[in-house]
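Everything below concerns the one structure shown next.
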Amino acid sequence: MKSTYLRFRLSFTTLLFFASAIFVNTANAQSAVADTLMLFDFEKAVELKSTDTKTRIINKDNSQQLLIETGINSGSPGVTIKKPKGSWDLNAYYHVKMDITNLGEHPARIIFKVGDPEDGMEAWQMEIRFDLAPGQTKTVADDIATSPWRFSEPLKLLAMRAAPGQAKSDLSAIDQVKVTINYPENKHKLLIDNIRATNPVRLVDPKGFLPFVDRFGQYKHAHWPGKTLSVDDLRQQAIVEERELAAYPGPADFNQYGGWLDGPQLEATGRFRAEKYDDVWWLVDPDGRLFWSHGVGVVHPGTAITGTTDREDYFEWLPNKETPYGAFYSKAGRASHGYYKTLDERETYNFTASNLYQKYGKNWKQAFDRLAHSRLRSWGMNTLAVASDRQLCEAGITPYTETVWVNGTRKIEASKGYWGKFHDVFDPSFRRQIKRALSDRQHAIDDPWCLGFFIENELSWGAEGSLAIATLESPPDQPAKKEFLNDLKAKYSSISALNKVWGTSYSSWKALLNSTDTPNKSKAWADLSAFYAKIVETYFSTVHDELEAVAPSAMYLGCRLAWANSDTVIRTAAKYTDVISMNKYQYNVSNVGLPTGVDKPIMIGEFHFGALDRGALHLGIVEATSQSHRAALYTDYVESALLNPYIVGTHWFQYGEQPPTGRGDGENYNVGIVDLADKPFPELVNSVRELGYRMYDFRSNAAKNGNIVQPKKPVKQNVMQEDTDMHTRSN
């Protein structure tokens, strides 16, 4: 992406700076704050800590700069640049910027992180990810505060990924930055200079800020095009949209399922399947028509459910529970992350359903269902993707993916992951809980409208060998550890034989079982990689067998892989799944491919782009500069997928906007196709519709004319790629 970063930042600065005048008196700017504070210009000594990286200071253009040359033996090769003595207080600044040049031959996906927070969520918030083309120089800016102004007095806002006027972490003692490559397939050469804190924040008085959410769940202290200001706005929008949907009823070349009516007629089996046609992977619908899954996830009337417990004063309107609006209150348990992770129970309010009730009256749910199907068809979409409303899916109007969550299993105790520890697949609870999770999916088993089953989401596979290391670091009663020792005993004649290979000094097999130490990874690599492969094999084979037993005619769509995925995981998934699903939060997927010898269809389970120009407080995982830019990025992404011979669909995450006050785990991203008041973002919808109406001709013509883009094959790693930061990432 050729990001116009400055334009994006100015738009957000303008939005929130002028918004501040609505609720506060602006305090005096911080006195004696320099516009820029140089952190590292490499003219003076710095402390460098490298991981799989060679570093040296060179003189270029009369300036001392840091040259780093990364390898491919780590999941995050790079360098930590540390102040030799002391630290900086960066509370006065909004950005830490860096000048960086890609001197290598390959595009680089880079992570720039400021500080070293212990909290995983804070660590993720303090980093920025970006792409850098060969030969490209870029100035990148990492936000270290959530807005370009800060409250002059403390006002702690709870349970949000981004809350206005807050530092993202403790900025009082910053002494390092970190630059890494995200799971490289090639070696890279980068040149870094002028790492500085800049853009001093403006202080504003917090008086009058609360409440900051209006009756529709929107951010109160700003205005933007299309903001809903009244119930009349809601109802008028419904009238206008009905006219639009009538004008655009859907692509003429869609059959009832959204398959390609004008395309070739293949065998009609009554169920969805995957098949190659013209050397390109497709899905095939129940009627035997080529099908490309153009979908959106979480089509559900609860995307703006937000916690009210301990935050009642955030909202200008929380209705009386004795009124009809009382139906939109509910209770929830512990969240996975954030403030609500600390509470056993919290109260919530559903602004999505509340707004729909104000818009359509007591039959709001029927209106939501009808409109969701009509919208997707009108937009040229044909799939209700992950975690969509069951009643919607069962209607027999739009194809859907069934989503299965496997909970209640025993975990590998020492494993780490953003969404939790990894299953101990050798414990009986694993198979038992899969059976239980599948037991209430009877509606989807023989349903021709069901594309297939996603089973689980974004598991923390780690790098090659990592789960085997975690197994050895776990307690002696861990079933996986006992399994690993049985394998080692079968391979080695004695503990001394193992010690000789591993370079260890265990006195007995029992001593190894009781130990939680990590052996030399290079010496133990053959055994670590073998047991890692056994964990992966056992996982996929168990899930496959249990799904096959229940739904033999349904496709297994995999587990929605995220982050980096090892060669072993991809190859094993290909062995057991019908489609390999991957969540890919990046700007295009033209280079998403499979290891040599693997030929399977890929489904993109999640992607999105977000901007801050329509009341959102967090842009999400991948940055756009505006709603128009967001729409353009959508077209670029889906076109890159259509030109990829493996990809059989893309699913946007998600249908409805997340609330500014956050869902349970605090996510408050600009991710919706429709906003909090059920109003579609027009720029994005135009791009979705334009692409959806031509996608079949586009892909078919590319295949016939030789314009399909073959992805590069990833390099197989023969050593363990360590990534100590992986468990802090949400994607």
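On a predicted model such as this, the values are computed, not experimentally measured, just so you know.
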Single hit among K481, K534, K482 for salt bridge (Lys or Arg N to Asp or Glu O under 4.0 Å) with D487: K534
For [X], look at atom [atom1] and say whether over 12 heavy atoms of other residues, nucleotides or ligands are found less than 6.0 Å away.
X    : atom1 : answer
K276 : NZ    : yes
D599 : CG    : yes
K421 : NZ    : yes
R436 : CZ    : no
E394 : CD    : yes

Exercise: do [X] and [Y] side chains pair donor with acceptor under 3.5 Å:
X    : Y    : value
E456 : H423 : yes
H188 : T70  : no
D424 : Q478 : yes
R377 : T398 : no
S293 : H651 : yes
E690 : Y634 : no
Q433 : N407 : no
E473 : T518 : yes
Y585 : E606 : yes
Y669 : E657 : no
H443 : E402 : yes
N182 : R109 : no
T568 : E464 : yes
S336 : Y418 : no
R410 : S429 : no
Y693 : D253 : no

R560 and S581: CA distance, side-chain angles, deciding distance, side-chain hydrogen bond (donor to acceptor under 3.5 Å, both in side chains) verdict: CA-CA 5 Å; R560 296 160 47 82; S581 51; over 6 Å; no
Do [Y] and [X] have ring centroids that are under 6.0 Å from one another?
X    : Y    : value
F531 : F484 : yes
H337 : W124 : no
W260 : F254 : no
Y539 : W461 : yes
F607 : F653 : no

SB check E413 K411 (cutoff 4.0 Å): no
Pairwise distance [atom1]([X]) to [atom2]([Y]) - rounded to 0.5 angstrom:
X    : Y    : atom1 : atom2 : value
D287 : Q265 : CG    : CD    : 7.5 Å
Q658 : D665 : CD    : CG    : 7.5 Å
T650 : L642 : OG1   : CG    : 7.0 Å
L392 : Y655 : CG    : OH    : 8.5 Å
W281 : W292 : CH2   : CH2   : 16.0 Å

Side chain to side chain, L528 and L472, heavy atoms closer than 4.5 Å: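 They are in contact (side-chain heavy atoms under 4.5 Å apart), so the answer is yes.
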K575 vs E537, salt bridge (charged side-chain N to carboxylate O under 4.0 Å, His left out): CA-CA, chis, key distance, verdict: CA-CA 9 Å; K575 180 178 175 181; E537 176 84 14; 3.0 Å; yes
Q586 vs D131, side-chain hydrogen bond (donor to acceptor under 3.5 Å, both in side chains): CA-CA, chis, key distance, verdict: CA-CA 9 Å; Q586 52 200 57; D131 294 337; over 6 Å; no
Worked verdict on E127 versus R129 for salt bridge (charged side-chain N to carboxylate O under 4.0 Å, His left out): CA-CA 7 Å; E127 69 183 34; R129 308 175 205 183; 3.6 Å; yes
Verdict with reasoning, K491 to D527, per salt bridge (charged side-chain N to carboxylate O under 4.0 Å, His left out): CA-CA 10 Å; K491 178 178 179 180; D527 297 314; 2.7 Å; yes
Expected output: side-chain R699 to main-chain N644 donor-acceptor under 3.5 Å: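 Yes.
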Main-chain N/O of Y556 paired with H544 side-chain donor or acceptor, under 3.5 Å: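 Looks like no, no N/O pair under 3.5 Å.
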For W449, the option from Y257, F291, F272 that meets ring-ring contact (aromatic ring centres under 6.0 Å, His included):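 Among the candidates, only Y257 passes.
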